[in-house]
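This report refers to the structure that appears directly beneath it.
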Amino acid sequence: MLFKNLVANKESVTDDFVAILKKPSGLANSSHDLGVWLRAIFSPDPTARSLDRESYRSLKLPVALIWGELDEVTPLAEGRDIQSLIVGASLKAIPRAGHVPQVEFPAAFETLLIASLAAQRAAAQ
């Protein structure tokens, strides 16, 4: 149910995918680790570098942002803002995708990722 709230394309959350997500819950310490993860989501560390705009400005490496156009957790406007802080960063949005576009539209995500890597490789040569 939590995962379905992260996606815009509800059909992408198949029984097979949910089974994959549940697999780690059988591992030692998984309940503790899930608690740590949930605490980080619902009560983020105010000193996290991801909350410091200057940490984005200081990046000196190629950055390609791939975003879900309908992301309600971290809206596309935030992606555009992050892109504006990083010199040379690119931003591509996947239509109809939410917070996990790599799950919702894996083929589109893969295409954008490969194109971004190829562009960065070409720029480096």
Side-chain angles (χ1 to χ4, degrees):
M1 183 148 92
L2 174 63
F3 193 76
K4 275 202 171 183
N5 289 325
L6 299 176
V7 299
N9 177 21
K10 305 298 185 200
E11 296 78 36
S12 65
V13 186
T14 63
D15 289 342
D16 289 342
F17 186 75
V18 171
I20 291 169
L21 287 178
K22 288 182 176 180
K23 217 170 193 179
S25 66
L27 300 174
N29 298 317
S30 63
S31 293
H32 171 267
D33 295 341
L34 179 60
V36 170
W37 177 72
L38 287 171
R39 189 170 29 254
I41 288 175
F42 293 112
S43 181
D45 177 358
T47 65
R49 291 193 66 192
S50 61
L51 297 176
D52 177 10
R53 296 174 62 75
E54 292 307 313
S55 68
Y56 293 102
R57 285 192 175 106
S58 69
L59 291 174
K60 304 293 183 223
L61 64 157
V63 174
L65 304 165
I66 301 175
W67 225 267
E69 179 184 62
L70 303 176
D71 189 339
E72 293 180 2
V73 176
T74 311
L76 183 55
E78 289 185 41
R80 289 186 181 116
D81 182 48
I82 291 169
Q83 178 193 18
S84 75
L85 299 173
I86 306 168
V87 174
S90 67
L91 172 66
K92 303 293 183 193
I94 297 180
R96 302 181 325 275
H99 190 64
V100 283
Q102 68 276 20
V103 171
E104 296 175 78
F105 296 99
F109 183 87
E110 180 181 343
T111 298
L112 290 175
L113 178 60
I114 290 170
S116 296
L117 292 171
Q120 289 176 2
R121 184 176 184 167
Q125 292 179 345

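- Annotation: K10, atom NZ; neighbour count of heavy atoms from other residues, nucleotides and ligands within 6.0 Å is above 12.
- Residues V100 and V13 are members of one and the same hydrophobic cluster, defined by side-chain heavy-atom contacts under 4.5 angstrom among Ile, Leu, Val, Met, Phe, Trp and Tyr.
- Follow the hydrophobic side-chain contacts under 4.5 Å out from L61 and you reach L91 in the same cluster.
- A donor-acceptor pair under 3.5 Å is absent between the side-chain atoms of Y56 and the main chain of Q83, judged by distance alone.
- For the residue pair S25 and S30, the shortest heavy atom distance occurs at O-OG, 2.7 Å.
- Not a single donor-acceptor pair under 3.5 Å links the side chain of S43 to the backbone N or O of R39.
- Put simply, CG on D81 and CD1 on I86 are 10.0 Å apart, with the number rounded to the nearest 0.5 Å.
- Minimum interatomic distance between R96 and E69 (heavy atoms only, all atoms of both residues): N-OE1, 3.3 Å.
- With values rounded to the nearest 0.5 angstrom, S58 atom OG is found 13.0 Å from R53 atom CZ.
- In terms of heavy atoms, I94 sits closest to P101 at CD1-CB, 3.7 Å.
- Both L117 and F105 sit in one connected hydrophobic cluster of ILVMFWY residues. Membership requires side-chain heavy atoms under 4.5 Å apart, directly or through other members.
- Grouping the Ile, Leu, Val, Met, Phe, Trp and Tyr side chains by contacts below 4.5 angstrom, directly or via other members, places L65 apart from L113.
- L34 contributes atom CG, which lies 12.0 Å from atom CG of N29 (distance to the nearest 0.5 angstrom).
- Counting all heavy atoms, side chain and backbone alike, D71 lies closest to W67 at OD2-NE1, 3.9 Å.
- Tested against L76, the residues E78, R80, E72 include a single side-chain contact (heavy atoms from CB on, under 4.5 Å) partner, R80.
- The heavy-atom pair separating L6 from V73 by the smallest distance is CD2-CG2, 3.5 Å.
- A donor-acceptor pair is defined here as one N or O able to donate and one able to accept, closer than 3.5 Å; such a pair exists between the side chain of S55 and the backbone of R49.
- Residues E104 and N9 approach most closely at OE1-N, 2.8 Å, considering heavy atoms.
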Quick one: do H32 and V36 satisfy side chain to side chain contact (heavy atoms under 4.5 Å, CB included)? Show the steps, please.
-> CA-CA 6 Å; H32 171 267; V36 170; 3.6 Å; yes
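- Linking ILVMFWY side-chain heavy atoms closer than 4.5 Å, directly or via other members, places V63 and I82 in a single hydrophobic cluster.
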